[in-house]
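Have a look at the structure below before the remarks.
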Amino acid sequence: MDDKQFESYLREFEPRQPHPLPELAPPAPDWRRRLLAAAVVILAGTTAVWFAARRTNHVQPRMPSVIAPSPLAMAPPTRPRTILQFTRLAQQDPRQLDAALDAASRKLLPEFTGKNSTLATLAKE
Amino acid sequence: MTGKQLEESEIRSLYERHAGALTAYACSFRLDFSLAQDMVQQVFFKILKGGASLPDNPAGYLYRAVRNTCLNRRRDGSREVPLERGTTWLLHRTPDHEAEIALQSALTNLSDEQREVVIMHIWDGMTLDEVASATSTSLNTAASRYRYALDHLRKFFGVEKRIEGKGEQ
């Protein structure tokens, strides 16, 4: 058998065909693009917050950092305000009782000395 | 490597043309068919993903790439199968399973260079000129390897006996 005959015999064999080449999965987004997009979003957010804070500072006066206490709270804690406290004061220090009653009466009783006080109004009538 | 990037359709055309012979070539490294198929597809995926540029004559690159991939895999020793129990990767048109196994066995006994030339020329339809170009050898060297390969195959394969035996039946 010469080479040609042998070749033709070999060509009676055929390679088994493999499966077709599968489709490629779509490429994943580049991580650098994602990083850049995240940086842009963060920068934009920070800038917006900074501008908003700046505008607020210009328009409104700065709020006092400490809230002023109410007049009631400023009253000396020793000054009596209830019947029970006046009773105790009378028992413990009777000399202070008059001063405490005077101070309390200034707030509790109507004003008599003012121009528009109740007494002045009644006197006109 | 200097070369050109191919379009996906061109790469798929290359696969359609060469995949059968390349898979047979990969199987001749004693890998089972499904693994050999994976090896070949792995090479093409790498090209598809732009991981490799091809020279003007891509067949040589493809054979080299498949050879290297198979040798690396075979070095791991995984899924190497004896030919008798492995699936056939060269199919006779009659079919003749005994002849298929005998030919596969004969091919694996050739040297790498001779086996490469035979598969390229007989089953990949390349001319000896193209084989020489793909294997970076001269035409004389390619032709010489081919001639020796046929002689060895005749001996290993016992083709005279086989064909004479068929004629007597």
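Naming: A, B, ... by sequence-line order, numbering from 1 per chain.
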**OP:** Would you mind listing every salt bridge (charged side-chain N to carboxylate O under 4.0 Å, His left out) that reaches into residues 111-123 of chain B, with sequence neighbours excluded?
**Re:** R64(B)-E116(B), R67(B)-D112(B), D112(B)-R115(B)
Original post:
Of the backbone (N, CA, C, O) and the side chain (C-beta and beyond), which part of P22(A) lies under 4.5 Å from a heavy atom of chain B, both, or neither?
Top reply: both
Original post:
Does H19(A) offer a backbone N or O that forms a donor-acceptor pair with the side chain of Q41(B) under 3.5 Å?
Top reply: yes
Subject >> Side chain Q104(B), main chain L90(B), donor-acceptor under 3.5 Å >> reply: yes
**OP:** Can you tell which part of L103(B) gets under 4.5 Å to a heavy atom of chain A, answering side chain, backbone, both or neither?
**Re:** side chain
Original post:
Residues two or more places apart in sequence or in another chain: which of them pass ring-ring contact (aromatic ring centres under 6.0 Å, His included) with H121(B)?
Top reply: Y146(B)
Subject >> Under 4.5 Å from any heavy atom of chain A - which part of E100(B) >> reply: both
